[in-house]
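Every heavy atom of this structure was used, including side-chain atoms; hydrogens, water molecules and symmetry mates were not. Naming: A, B, ... by sequence-line order, numbering from 1 per chain.
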Number of protein chains: 2
Amino acid sequence: MENSEAIALTAALLAAAGDLTKRINDGVVARGFEGRPAYGFAFARLAPDGATATDLAAHLGITKQAASQLVDELVRKGYVERRPHPGDARARLVVLTELGWACTRAAEEAALEAVQPWIELLGEGEVRVLCDRLRRIAPYGPFRPAW
Amino acid sequence: MENSEAIALTAALLAAAGDLTKRINDGVVARGFEGRPAYGFAFARLAPDGATATDLAAHLGITKQAASQLVDELVRKGYVERRPHPGDARARLVVLTELGWACTRAAEEAALEAVQPWIELLGEGEVRVLCDRLRRIAPYGPFRPAW
DNA sequence: TCATATGGTCAAGCAGCTTGACCATCCAAG
DNA sequence: CTTGGATGGTCAAGCTGCTTGACCATATGA
């Protein structure tokens, strides 16, 4: 593999990720929610049973102060609530409100809609393979771009 | 395809793109250059024959003012020069210096190095296919994340 | 019981971008 | 030629989302 191909791969990845992220966010906004992509990444962590601000920070790859600010913002918009943490009086458990769940569902719908053009272009099987390959390459890591 | 799969695809794309970008930047820094990932995206546009700040802005998906600031920064670090534009006295052609070329080569090396683990994991053929699919999906667009 | 680790908050600062206003030059219609 | 709008660039101010640093309250283990 040549140098320039590696660069091209990176560019393609970035373009694809950016495109998809933008389309999903647009879709969420079109459904009447206001937000930025970071919300979605936060919701992904909060969804099952809630999380602390520090958990969220680790998940997003930011400081706990920044995570706390993000939570403030989400509270202000009515997407989450801070509840006392059962079993640790220092911590506060951040959980989705009904509106937060609605927004999460909207994001999932928008995501499905956003990948449709890809499915039409490559076929569902290919997209699935693509997804599989990607997950094998970068199994985890913060859901936040590192630059 | 289910909703959650579409979300997973997005997450995987972001993780992969972020991972690769970070590794390339680390590689460039390890080779003795200081910079942030945006430099690489700028170099990609400047490399062949130079470009104007406005060209660069369109390429990166930012305002011309921001592009101009980026060029200032690159000039300050010695990676590019502003030369008078032949044939348009308003414009200034931004071209790579020797140091800029060296940094570009370093980035290509780092990129090749960064995809090595992927090649070992999937095989070169699979990576090439992956790259092809991605380029068909998002043929162009700014080299800058959209969020 | 006390030292240290951990969750959270407050405050200040900064990087990188945006908007708005402006000037110099280009270019095409008259 | 002239002239009016489009285009490349710059200056200045401001904002958003993050960081660092200091600090308090609670938890935990020796």
Side-chain angles (χ1 to χ4, degrees), chain A residues 14 18 21-22 25 29 34-43 45-46 49-77 79-95 142-147, chain B residues 14 18 21-22 25 29 34-43 45-46 49-77 79-95 142-147:
Chain A
L14 282 171
T21 304
K22 180 179 184 338
N25 196 60
V29 170
E34 55 172 343
R36 47 191 177 102
Y39 290 9
F41 306 134
F43 290 167
R45 182 71 182 84
L46 299 176
D49 304 299
T52 65
T54 299
D55 283 342
L56 199 54
H59 180 72
L60 296 177
I62 56 180
T63 60
K64 58 184 180 175
Q65 292 93 325
S68 191
Q69 285 175 18
L70 177 58
V71 171
D72 285 343
E73 199 179 324
L74 292 173
V75 168
R76 214 177 311 126
K77 298 201 171 151
Y79 293 137
V80 306
E81 272 178 5
R82 283 193 232 249
R83 328 189 101 212
H85 192 291
D88 190 338
R90 294 171 304 174
R92 314 178 66 177
L93 196 58
V94 180
V95 295
F143 278 107
R144 174 185 169 250
W147 60 97
Chain B
L14 283 171
T21 304
K22 180 178 185 338
N25 196 60
V29 170
E34 55 171 345
R36 48 192 177 102
Y39 291 7
F41 306 135
F43 290 167
R45 182 72 182 80
L46 299 176
D49 304 299
T52 64
T54 299
D55 283 343
L56 199 55
H59 180 73
L60 296 177
I62 56 179
T63 60
K64 59 183 178 174
Q65 293 93 324
S68 191
Q69 286 174 17
L70 177 57
V71 172
D72 285 343
E73 198 178 323
L74 291 173
V75 168
R76 215 177 308 125
K77 298 200 173 155
Y79 293 138
V80 306
E81 271 177 5
R82 283 192 233 249
R83 328 190 100 214
H85 192 291
D88 189 340
R90 295 170 304 175
R92 314 179 68 177
L93 197 59
V94 180
V95 296
F143 277 107
R144 174 184 168 252
W147 60 93

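With sequence neighbours excluded, the residues satisfying side-chain contact (heavy atoms from CB on, under 4.5 Å) with Thr52(B) are Thr54(B), Asp55(B), His85(B), Ala91(B). Arg92(A) pairs by the salt bridge (charged side-chain N to carboxylate O under 4.0 Å, His left out) definition with nothing, not counting sequence neighbours. Qualifying side-chain contact (heavy atoms from CB on, under 4.5 Å) partners for Glu81(B), counting only residues two or more places apart in sequence or in other chains: Arg83(B), Val95(B), Thr97(B).
Nearer the 5' end of DNA chain D, as judged by each residue's closest nucleotide, is the contact made by Leu70(A), out of Gly87(A) and Leu70(A).
Protein atom CD1 of Ile62(B) is 11 Å distant from nucleotide atom C1' of dT18(C), rounded to whole Å. If you take CG of Leu60(B) and C1' of dT18(C), they are 15 Å apart, rounded to a whole angstrom. As a whole-Å value, the separation of Lys77(B) NZ from dA15(C) P is 10 Å. Separating the CZ atom of Phe41(A) from the P atom of dG17(D) is a distance of 14 Å, rounded to the nearest angstrom. In this entry the distance linking NE2 of His85(B) with C1' of dT25(C) reads 13 Å, nearest Å.
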Could you write out each protein N or O paired with an N or O of nucleotides 7-11 of chain C at a distance under 3.5 Å?
| unit_1 | atom_1 | unit_2 | atom_2 | d |
| --- | --- | --- | --- | --- |
| dG8(C) | OP1 | Arg92(A) | N | 3.0 |
| dG8(C) | OP1 | Arg92(A) | O | 3.2 |
| dG8(C) | OP2 | Ala53(A) | N | 3.3 |
| dG8(C) | OP2 | Thr54(A) | N | 2.9 |
| dG8(C) | OP2 | Thr54(A) | OG1 | 2.8 |
| dG8(C) | N7 | Lys64(A) | NZ | 2.6 |
| dG8(C) | O6 | Lys64(A) | NZ | 2.8 |
| dT9(C) | OP1 | Arg92(A) | NH1 | 2.8 |
| dT9(C) | OP2 | Ser68(A) | OG | 2.6 |

Dump every N/O contact between nucleotides 2-4 of chain D and the protein below 3.5 Å, one line per pair.
none

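Nearest heavy-atom pair across Pro37(A) and Asn25(A) is N-OD1, 3.5 Å. Considering every non-hydrogen atom in both Ala42(A) and Leu70(A), the closest pair reads CB-CD2, 4.1 Å. The heavy-atom pair separating Ala67(A) from Ala53(A) by the smallest distance is CB-O, 3.5 Å. Shown here for Leu93(B) and Gly50(B), the closest heavy-atom pair between the two residues is CD1-C, 4.0 Å.
Atom CG in Leu56(B) sits 6.5 Å away from atom CD1 in Ile62(B) (nearest 0.5 Å).
For the helix from dT1(C)-dA30(D) to dG30(C)-dC1(D), the rotation axes defined at the first and last 5 base pairs enclose an angle of 20°, given to the nearest 10°.
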Stepwise, does the side-chain contact (heavy atoms from CB on, under 4.5 Å) test hold for Val94(B) with Leu74(B)?
CA-CA 10 Å; Val94(B) 180; Leu74(B) 291 173; over 6 Å; no
Go through the steps to decide whether Tyr39(A) and Glu34(A) satisfy the test side-chain contact (heavy atoms from CB on, under 4.5 Å), and finish with yes or no.
CA-CA 10 Å; Tyr39(A) 290 9; Glu34(A) 55 172 343; 6.0 Å; no
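Leu14(B) has its side chain within reach of Phe41(A): a pair of non-hydrogen atoms, C-beta onward, lies under 4.5 Å apart.
At least one side-chain nitrogen or oxygen of Thr63(A) sits closer than 4.0 Å to the OP1 or OP2 atom of dT19(D).
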